[in-house]
Amino acid sequence: MASPKKKLQGLVAATITPMTEAGEINLSVIGQYVDYLVEEQGVKSVFVNGTTGEGLSLSTSERRQVAEAWVTHGRNKLDQVVIHVGALSLKESQDLAQHAAEIGADGIAVIAPFFLKPWNKDTLIDFLSAVAVAAPALPFYYYHIPALTGVKIRAEELLDGIQGKIPTFQGLKFSDTDLLDFGQCVDQSRQRQFALLFGVDEQLLSGLVMGATGAVGSTYNYLGKQANQMLEAFEQKDYSSALNHQFCIQRFINFVVKLGFGVSQTKAIMTLVSGIPMGPPRLPLQKATREFTDNAEAKLKSLDFLSFNCVKDENVEACS
């Protein structure tokens with residue numbers, strides 16, 4: 001059975017794919033990107049070519065190049081580089097899985113196919129298994145995001161017996177707000193030690209309370225420091241501080257959600273915060289508007305460049 005060199009846990013950044021203004025992938029900044037995550041955000045694991053990385057909008061060749069860049073630049077700096085290899089085509093997904101193994105990735109993840117959909121657990125597992133066997137030495141993770149795939153098979157149902165059919169299965173990225181489903185995943189998996197990674201950044205504390213072993217998300221690219229502070233407070237059982245950190249993070253996310261928040265806007269925010277040019281998204285996504293960028297920048301400045309200075313009153317801690 002495949003096993004990672006260490007369990008995938010803590011914060012995992014869902015990486016952005018930098019692009020030039022002409023819309024081509026820009027691999028030249030990946031090394032700088034790696035250093036920024038590690039040194040400035042304290043994030044040492046990444047999830048590459050997922051939703052935030054526009055993986056399904058890239059060609060197979062581009063996905064390979066991006067994966068290679070992260071593995072190469074992350075060597076001896078990152079703890080784990082997990083490559084999302086999901087695709088509508090089984091053959092394409094298998095080719096990407098084999099490539100991930102060849103370049104030395106630490107694991108692969110697969111989203112459910114979402115055009116011709118699997119409508120029951122067994123069919124979905126058959127598809128996932130066919131991808132997993134293409135990289136038999138790599139830990140395998142299922143990427144559960146039903147709001148985007150339209151595949152409503154519950155994760156707790158999928159976990160029942162999955163390791164018998166996919167021996168390399170190590171856990172899942174749970175990008176859904178159904179805490180009943182997530183809680184049942186945790187409850188039934190206690191003896192199997194799966195990595196159960198929560199994927200809704202603004203609700204991470206809820207996921208931790210339910211038993212999440214870590215988290216994968218886009219905001220950890222630029223709010224990793226604050227999220228790590230929340231994780232540390234939670235581990236120390238300082239629940240008041242953990243809650244305050246979550247509220248601080250929510251204040252920013254709530255602000256940008258009201259403006260319209262997605263991959264395009266994430267690229268703009270990351271450019272503002274890190275100084276690394278992430279470029280525009282690929283069509284059909286549209287570049288973040290100047291109005292959004294200006295408003296986000298003003299909010300970043302009002303929050304002291306996302307440092308979230310908090311002060312106590314007699315009842316709670318609040319961000320200044």
Checklist entry - In terms of hydrophobic clustering (I, L, V, M, F, W, Y; side-chain heavy atoms under 4.5 Å; direct or indirect links), are Leu56 and Leu116 co-clustered? => result yes

Item to check | Residue pair Phe252 / Lys299: nearest heavy atoms and the distance that separates them | outcome: CD1-CG, 3.9 Å

Checklist entry - With a 4.0 Å cut-off, would you call Glu68 and Arg64 a salt bridge? => result no

Checklist entry - Does Asn228 use its side chain to pair, donor to acceptor, with the backbone of Gly42 at less than 3.5 Å? => result yes

Next on the checklist: For the backbone of Val82 and the side chain of Asp106, can you confirm whether one donor and one acceptor N or O come within less than 3.5 Å of each other?
Outcome noted: no

Item to check | Ser93 side-chain N/O to Val85 backbone N/O, donor-acceptor pair under 3.5 Å | outcome: yes

Next on the checklist: Applying salt bridge (Lys or Arg N to Asp or Glu O under 4.0 Å) as the test, list every pair that has at least one member in residues 202-221; sequence neighbours left out.
Outcome noted: none

Item to check | Same apolar cluster (I L V M F W Y, side chains within < 4.5 Å links), Ile276/Tyr220 | outcome: yes

Checklist outcome for this item: On a heavy-atom basis, the closest approach of Lys117 and Thr149 is CE-O, 3.1 Å

Checklist entry - Step by step, would you call Glu54 with Leu285 a side chain to side chain contact (heavy atoms under 4.5 Å, CB included)? => result CA-CA 10 Å; Glu54 301 173 84; Leu285 299 181; 4.2 Å; yes

Next on the checklist: If you take the centroid of each ring, where Trp contributes its six-membered ring, are Phe169 and Tyr142 closer together than 6.0 Å?
Outcome noted: no

Item to check | Gap between atom CD1 of Ile162 and atom CD1 of Ile125 - 0.5 Å precision | outcome: 4.5 Å

Could you list the donor-acceptor pairs under 3.5 angstrom formed between side-chain atoms of residues 255-265 and any protein atom two or more places apart in sequence or on another chain?
from   : atom 1 : to     : atom 2 : distance (Å)
Ser264 : OG     : Gln286 : O      : 2.7
Gln265 : OE1    : Gly262 : N      : 2.8

Checklist entry - Is a side-chain N or O of Lys121 found less than 3.5 angstrom from the main chain of Asp160, in a donor-acceptor match? => result yes

Checklist entry - Hey, is Arg282 close enough to Glu62 for a salt bridge, meaning N to O under 4.0 Å? => result yes

Checklist entry - Do the two ring centres, one from Tyr143 and one from Phe47, sit under 6.0 Å apart? => result yes

Next on the checklist: Please evaluate residues Glu39 and Lys77 with respect to the criterion salt bridge (charged side-chain N to carboxylate O under 4.0 Å, His left out), reporting the C-alpha separation (whole Å), side-chain torsions for both, the decisive distance (0.1 Å), and the verdict.
Outcome noted: CA-CA 10 Å; Glu39 297 169 10; Lys77 293 182 178 181; over 6 Å; no

Next on the checklist: For Asp95 and His99: C-alpha separation, side-chain torsions, deciding distance, then whether side chain to side chain contact (heavy atoms under 4.5 Å, CB included) applies.
Outcome noted: CA-CA 6 Å; Asp95 288 345; His99 175 260; over 6 Å; no

Next on the checklist: Any side-chain to backbone donor/acceptor pair from His84 onto Val110? Under 3.5 Å, distance only.
Outcome noted: no

Item to check | Hydrophobic cluster membership, Phe140 vs Ile103, 4.5 Å side-chain cutoff | outcome: yes

Next on the checklist: Quick check on the hydrophobic clustering: are Phe114 and Val131 connected, directly or via other members, by side-chain heavy-atom contacts under 4.5 Å?
Outcome noted: no

Checklist entry - Is any side-chain N of the basic residue among Lys287 and Glu21 closer than 4.0 Å to the acidic one's carboxylate O? => result yes

Item to check | Pro136 backbone acceptor or donor facing Thr168 side chain under 3.5 Å | outcome: no

Checklist entry - For Tyr33 and Asn221, does a side-chain donor sit closer than 3.5 Å to a side-chain acceptor? => result yes

Checklist entry - When the ring planes of Phe198 and Phe174 are compared, do they come out parallel, tilted or perpendicular, using 30° and 60° as the limits? => result parallel

Next on the checklist: Any carboxylate oxygen within less than 4.0 angstrom of a Lys/Arg side-chain nitrogen, looking at Asp294 and Arg290?
Outcome noted: yes

Item to check | Under 3.5 Å: donor-acceptor pair, side chain of Ser189, backbone of Arg192 | outcome: no

Checklist entry - For Thr219 and Ile253, what are the C-alpha separation, side-chain angles and deciding distance, and is it a side chain to side chain contact (heavy atoms under 4.5 Å, CB included)? => result CA-CA 9 Å; Thr219 66; Ile253 295 177; 4.0 Å; yes

Item to check | Shortest non-hydrogen contact from Thr17 toward Gly53 | outcome: OG1-O, 2.6 Å

Next on the checklist: Using a 3.5 Å distance criterion without hydrogens, assess whether the side chain of Thr123 forms a donor-acceptor pair with backbone atoms of Pro118.
Outcome noted: no

Checklist entry - Do Tyr222 and Val200 belong to the same hydrophobic cluster, where Ile, Leu, Val, Met, Phe, Trp and Tyr are linked whenever their side-chain heavy atoms lie under 4.5 Å apart, directly or via other members? => result yes

Item to check | Single hit among Leu223, Leu204, Asp201, Leu205 for side-chain contact (heavy atoms from CB on, under 4.5 Å) with Ile249 | outcome: Leu223

Checklist entry - Does the side chain of Thr293 pick up a donor-acceptor pair with the side chain of Glu297 at under 3.5 Å? => result no

Checklist entry - Hey, is Lys165 close enough to Asp122 for a salt bridge, meaning N to O under 4.0 Å? => result yes

Item to check | Closest contact, heavy atoms only, Ala227 versus Leu11 | outcome: CB-CD1, 3.6 Å

